[in-house]
Structure formats: C-alpha cells, structure tokens
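Note sheet for the following structure.
Read the numbers this way: they start at 1 and go in the same order the structure lists the ligands and their atoms.
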Amino acid sequence: MPKSQTKRPAPRRSARNASYEIVTDRGRRLHVPHRSRHVPADVWVDFKRAVPEAWRVMARDKGFRIDRRVRDRTHVALECELCGALTAHKIYTLRTAQPRCGGCAEAEHLTQARKAGLTFLHRDRVNRHYALYRAKCGHVVKRQFEFLHRIAAGNTDVRCEICLQQREAEEARRQGWLWIGRDPGGNPNYRLYRHHCGQTQRIARGNMQWGQCDCARCGKSWAAKPSFIYLLGIEFVDRTPRLIKLGYSKHPIKRWRHQLKLPKSAKVDVMRIVAMPTGHDACGTELAAHATLLQQHPELAVPHEVYADVLNVTSEVYWPIAEEVIHTLLDGIEARFPAKIS
Ligand SMILES: [Zn+2]
Ligand SMILES: [Zn+2]
Ligand SMILES: [Zn+2]
C-alpha cells in the first residue's frame, strides 16, 4: 500500500525518544509502549473480538495493518508496513494520533549506534532514556539515546571512561605518578595523583601529560637545594596533649608557621634540626625514618583524630615518649650526612 505509506511521518523523527518494552506472544515480538511497562506480559493476549472495518481503514491510512485485538477492548496489535514489527496501541491513539512503531524505533537505535561506532546491546533497565552499548574498544558504555544522536551527527564523540582512565593512568605512570581519581575539588581538568614519595596532590591532567607535575614534597624545583629535618615539640592551650612532630623542610620556620597552620596560641620548641645536603636526601631520609618508627614502634604514632583540629598534617606526629627513639634515629642520620661547614 504505497499510498498510505507516504502519509507516515519520517520514522526517524517519530522514533526519537520512543520507548518500547517487548513482550513475546505466539513466537512474535510485541512492542509495548513504555508507559504500559508495569502491565505483565501475559496480559497482552488476544482479545477475541472482530476488528471493525473502520479501524482497518484508519490503520491502513497510518501505515499499519491491524494484526489482532489484544489485552482488552481498547487495544490492538498494529503491524508496521515498513518493518513488519508488531506494536500494541490503544484504539484511541490510532484514532487521534500517528501511532509509533516499536520496531522502527528499535531499528533507529541500532542505526544511530552504528553511526556512532557503537553496538547497541540493550536498554538500561532502570532509566529508559539510557541504553548500553559496546564501544569499539570492547568496553560496555552507558549512554543517553539523545547523546547518541549528537554523536551520530558528529557533534561529539564516544569516550569510553575505562579507556580514558587507563590512558590517564599510563600518562601518570610515565611521570612517576599513580592516578588515583577525579579531583576532590570537582574541577573537571584536574585529577588526584600520588607520587612515589607518598605525596598525594591534585594536578591538571594537561600538565601531567606534558610532565609539568612537580611534586610538592620532593619535586625537582627544590630537590637539589639544601634542606632540613626537624623535630618540634608543640604545646596547645586547648585540651590537645603535647605532641612532637618530625618533618623536613627547606625552610623549617616557614613550615611551622604556614604549612602546619598552627594555632597562634600554640607553643613550639625546636628540639633538633639536622641539615641535609639536598631536599631529595631530606625527603627520602625523613620518609625512611617514619617508616622505621611505624614499623618498630607503631604505638608512638598519634592517631590523626587527636590533632586533626590543630595541625594541618595527617601523619608524622608522635607522642612525647617517642623523643628518645627519634633522637637516636636522628643521630644515625647526622652520622650519614655530616654537616658541611660552608
Ligand atoms: Zn516499523
Ligand atoms: Zn574502552
Ligand atoms: Zn614526591
């Protein structure tokens, strides 16, 4: 019936956003509009009444053939003249609107997916606006139908999150960093990385790609300059007990005041400063000292919650009783890095 076919709107437009569930009956798939998805499949059985001739004419004019009546007196199964698929619709829809074909909608999804370089797998079970696709890389990606139209139109491309993450992890690895995740600050250009020294920091992904990713703890910009390992005793006026802090810095004084973010009322006594030839030595040696302390005297480390409110660090804080052990460690360090008189 070519005449009636020409009356149908372009399937692409009508298929857009169309949403159908599929039930099978007598070996044929019956597309059921999404709004009826709660209706159990076994409801879509034949409704054994004659099909009025007027309905047949209406259906023909709209590009369908009435296959049979289904479910109740208000529904019919329409067979699409274009693709032959069966779709359940209300007589009311047939009378007042252009019924949409579930088969054409599905074919449209497949075509859009192919144009976007994806293989359509199935609709998302939870959100009807989404479907799952297999990307060229082999990973399964979840995308909105609307997004697929944009891809097919060349306005955007499919980025597989898994591949992207693997690429970013590899970029980071080449620079000596471990990719941890998204920017905790929510900036889409930044990621969170961990350096091999243990330092965790946010770096713009672009900078990581170009190797502009100086570690704030052991980075090249200061690694070759002299540095210090320090041991501080800190007393607070609130109920925080006396604590000792072992650390390193190129400017020990700056470090206490600016980086530890000590309350103004806190009293600091410098118990010891060991000069180190380079920041690199200081960083490595200090890390090794903490590792030794944690391994041999884990009980000396102060739990973070004790000082979370008064110190801007998350570790490297010890109970005063650790003083002697730390001094012994520092003696060893001093012996290995004798201070140069210059
Ligand atoms: Zn169709
Ligand atoms: Zn992938
Ligand atoms: Zn580092």
- Do I273 and V325 share a hydrophobic cluster, counting only Ile, Leu, Val, Met, Phe, Trp and Tyr and linking them when any side-chain heavy atoms are less than 4.5 Å apart? yes
- Taking side chain as C-beta onward, heavy atoms only, is K62 less than 4.5 Å from T93? no
- Query: Can you tell me if Q166 and E170 form a side-chain donor-acceptor pair at under 3.5 Å?
  - Reply: no
- Angular separation of SG (C80) and SG (C101) seen from the Zn ion (ligand 1), to 10°: 110°
- Note on the structure: If you count every protein N, O or S atom closer than 2.8 Å to the Zn ion (ligand 3), you should arrive at 4
- Task: Check the pair Q201 / Q199 against side-chain hydrogen bond (donor to acceptor under 3.5 Å, both in side chains), numbers first and verdict last.
- Result: CA-CA 6 Å; Q201 76 190 62; Q199 163 77 5; 3.2 Å; yes
- Item | salt bridge (charged side-chain N to carboxylate O under 4.0 Å, His left out) against R114, all qualifying residues, sequence neighbours excluded | none
- Query: Mind checking what makes side-chain contact (heavy atoms from CB on, under 4.5 Å) contact with D331, not counting sequence neighbours?
  - Reply: R272
- Message: Listing by chain and number, which protein N, O or S atoms are under 2.8 Å from the Zn ion (ligand 2)?
- Response: C137 SG, H139 ND1, C160 SG, C163 SG
- Item | Rounded to 10 degrees, the angle SG of C83 makes with SG of C104 at the Zn ion (ligand 1) | 120°
- Item | Trace of the side-chain hydrogen bond (donor to acceptor under 3.5 Å, both in side chains) decision for Q175 with E171 | CA-CA 7 Å; Q175 308 295 344; E171 285 160 12; over 6 Å; no
- Item | Candidate list Q209, R173, R191, test side chain to side chain donor-acceptor pair (under 3.5 Å), partner E168, passing option | R191
- Query: More than 12 foreign heavy atoms under 6.0 Å from CD of Q295: is that the case here?
  - Reply: no
- Could you give me the CA-CA distance, side-chain angles and deciding distance for Y318 and H290, then say whether ring-ring contact (aromatic ring centres under 6.0 Å, His included) is met? CA-CA 10 Å; Y318 302 91; H290 289 299; 5.8 Å; yes
